[in-house]
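Data first, discussion second: the structure below is written as structure tokens.
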2 protein chains.
Amino acid sequence: MSVGIRHDDLRRRNRAMVLSAVRRAGQPSRTEIAATTGLSHSTISAISSDLIQEGILAESKPSETASLKRGRPQVGLALKPEAAAVVTVVLSLNFLSLAVIDYAGQVIAEEQRRLDTLTMPRNELIGECLAIVRRRLDDPDLDVGSVARIAMGIQGITDSHARTMLWSPITPLTDIPFADILEKEFGIPATMENDCNMMAVALQWRDPHRYRDNFIAILLSHGIGMGLVLKGELFTGTHSSGGEFGHMIHRPGGALCRCGRRGCVEAYAGNYAIWRSAMKMSEDAEPVDVGDADMRALAAKARETDGPEREAYRRAGEALGFGLGSLFALIDPAPVAMVGVSAAAFDLIEPALREAIAQTAGGQHSNSISFDTEPNELPLIREGCAMRALTFVDQEIFASGVQARSGAGKNVA
Amino acid sequence: MSVGIRHDDLRRRNRAMVLSAVRRAGQPSRTEIAATTGLSHSTISAISSDLIQEGILAESKPSETASLKRGRPQVGLALKPEAAAVVTVVLSLNFLSLAVIDYAGQVIAEEQRRLDTLTMPRNELIGECLAIVRRRLDDPDLDVGSVARIAMGIQGITDSHARTMLWSPITPLTDIPFADILEKEFGIPATMENDCNMMAVALQWRDPHRYRDNFIAILLSHGIGMGLVLKGELFTGTHSSGGEFGHMIHRPGGALCRCGRRGCVEAYAGNYAIWRSAMKMSEDAEPVDVGDADMRALAAKARETDGPEREAYRRAGEALGFGLGSLFALIDPAPVAMVGVSAAAFDLIEPALREAIAQTAGGQHSNSISFDTEPNELPLIREGCAMRALTFVDQEIFASGVQARSGAGKNVA
DNA sequence: AGGCTTTTTTTCGAGCCTCGAAAAAATACT
DNA sequence: AGTATTTTTTCGAGGCTCGAAAAAAAGCCT
């Protein structure tokens, strides 16, 4: 089954450990790296000396705080920004955004574009995505040769290998192999990631204290999505990106969901569902798009008077609560981050949510389950894509040593 | 975060690979092992020569089928039965069973006992478990020194490290650290495993073709349990054994569940729930124990006439179907094995189950989801415990080389 | 029967890798 | 300026895997 460890894998893995330690810690000294990896000082010394020679790491001036101690001061190691670059492409409803990010994680270029994703034919949609990347790669200011990875993120379902968009609410089109398309066009390795998974990855980097080994990111937007990290690893389905929390069944045969089925959590907690309920429309009413501004107005009204608007949020909370309860029955409770427009209305959702979750087996100690909110999902998705792409470069390219790098490598003797 | 690879880990890991390959394949030749592990012939030769010298493996006579080919015949390597032994203890409702299993996986001794688990005080329950083990270890026919691991399985929730029984339907007692108790008493490393997880492990070994990377084992008995294998690995919760499929919410505020809450899948599909429904009792009626014979009679009656009995099974199927639908939304569909008394009544359950699952997002291709049934759970649980314990011996004891083994080692120079 | 072919297994030297100890480097303290 | 302290590098030892070649153990062929 799983394959044995060859002798050359050893160095590769330990180089990867060092890179990972540096990316996580920022500017760790060799001694710190030795401590976190458990490898000997001599090994760290050898590996970091190689990595510096190859132009992947650079020594940074000793941190000023260290001056208090006696002894030889530690010298920090940092990722060399010019060692490589990655490109992120995020496709969401009527909106396409791109960023170029250096190896140290800084944004060095970006571009955004509105487009009518719902009605675009297949060729045009793909064409726009390729064009925005090409424009940036053609930029003479950019060292094109150093772009080592493209990570595309999309709202919707992708396959478990992160290569193909299987289905998305932003377009009627299905099964677009974006990763293959990008790779063929630009000759740069690419992935097609699920938006909520990338949100989770970003949270892990933003707040590793709170979001480390086990947590849940839930997107409360038009639809309901989820990114799940268990035991420090992104959880995906066996075939698709999985984690379709929004389509767990809340009430069998219940309200009509955007997916065409009935009773999904989303059919009670998605923006369209809250809107439909607040407007006292039938649960069978066809889902409609609701703008962010309208949702904010709805939330304001719900806060003001105890009418159908407030009841709509209450029902959304109930659906989310029972859904989370079922999820917690499977994985045990974990911290939750609520992301998206309706996360700004979490005050309206939370009471019913907690009440519902307390009625479930998974929510036994519902008070100890903590929620955090973040109304803006796009920056998170981009950050997640960036970190995904960068760690790929760390683990799969730079860890392997001997690779022809055109960008920063040219200065090396 | 994760730790670097030391030089000495290399050998350990590769020895573990070889042992795993031999356990999986039965009597593979060195050449076959080299092929499956990807290691070189020289390495396999060196490692297997060590393992033979240490009394862990033994050469077996060349297989007769190979005689057709030219060339030097392959010589098979097999696990040496005397290299070690493990003990399994399975505790279920009013029933305690033990088995001693040799390193090659053959049962070499067993004992079973009835006891009144529901009313036994804490000390007695623990005492019975210790006593049954002690009796076997005191057996003069048994080479006690070679017992390298005890795996205990219990119906109920265990912690994610497989050390403590947190809760079980077979006793009102909670939080019994059986693993620690056994270790302290006998000085042999022990674990406390969840029954459904062990069913899943056993299926993986019984039919690796069907149950390999992704599958689900569901226990249809008094309660509803689940063991889940994803990407080849047993899935557990973050704190508990997790996978409490039976307590996902089917109908918010619905029928009374044994767990005291309402609307759980189990409150519709557990034996007591089917019985309650067939007897036209209220959904609020307190759950009662139903014997296996009674359940078989109920199933027979349901097959005979289209009355409340058949309807009860239909409702059970519906609950299981919507529950599976929600589960599949999270992990994507996978093969399912139905285990336990009510698996023998799966013909009564299946139609409604398929109908329900077809109404869910996860069950889009409900016809392609395949079900298998196995009415007897106890043998599976024992097998799972045995394989768990044996692979522990492979990976954690024998893989590390230099260890003082009393049993088979004494013949080594 | 004896030599030849084929396949499996072992042997042997080369090349890496990590480790521990000791040396070197760089700073604060006295 | 010398000493103590801490970090980093150097160096030799020991292990591990690998590839190539040799050895072993059959069947095949004349």
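Naming: A, B, ... by sequence-line order, numbering from 1 per chain. Worth knowing before you read on, the calculation uses all heavy atoms, side chains too, and leaves out hydrogens, waters and symmetry mates. Given the structure is predicted, the values throughout are model-derived calculations rather than measurements.
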**Asked** What integer distance in Å separates Glu59(B):CD from dT8(C):P?
**Response** 15 Å
**Item:** Arg30(B) bridged to Glu59(B) by N-O distance under 4.0 Å
**Value:** yes
**Item:** Close side-chain approach of Met152(B) to Cys385(B), heavy-atom, < 4.5 Å
**Value:** no
**Request:** Using only side-chain N and O atoms of Asn14(A), determine if any of them is under 4.0 Å from OP1 or OP2 of dC17(C).
**Result:** no
**Item:** Distance test, side-chain N/O of Arg72(A) to OP1/OP2 of dT5(D), below 4.0 Å
**Value:** no
**Asked** In whole angstrom, what separates Ile47(B)'s CD1 from dT10(C)'s P?
**Response** 13 Å
**First encountered from the 5' end of DNA chain D, between Ile5(A) and His41(A)** = His41(A)
**Length of the line joining Arg70(A):CZ and dT5(D):P, which is rounded to integer Å** = 6 Å
**Asked** Does a side-chain heavy-atom distance below 4.5 Å link Leu234(A) with Val201(A)?
**Response** yes
**OP1 or OP2 of dT9(C) under 4.0 Å from side-chain N/O of Thr31(B)** = yes
**Request:** Please name the residue in the list Arg23(B), Arg206(B), Met198(B), Arg382(B) that meets the side-chain contact (heavy atoms from CB on, under 4.5 Å) test with Met387(B).
**Result:** Arg23(B)
**Request:** Return no unless some side-chain N or O of Arg11(A) is found under 4.0 Å from OP1 or OP2 of dC17(C).
**Result:** yes
**Asked** Within the pair Arg30(B) and dT10(C), is there a side-chain N or O less than 4.0 Å away from OP1 or OP2?
**Response** yes
**Message:** Considering every strand and a 4.0 Å limit on heavy-atom distances, what is the contact class for Ser42(A): base, sugar-phosphate, or nothing?
**Reply:** base
**Message:** If you assign each of Gly71(A) and Asp8(A) to its closest nucleotide in DNA chain D, which residue comes earlier from the 5' end?
**Reply:** Gly71(A)
**Asked** OP1 or OP2 of dC19(C) sitting under 4.0 Å from any side-chain N/O of Thr43(A)?
**Response** yes
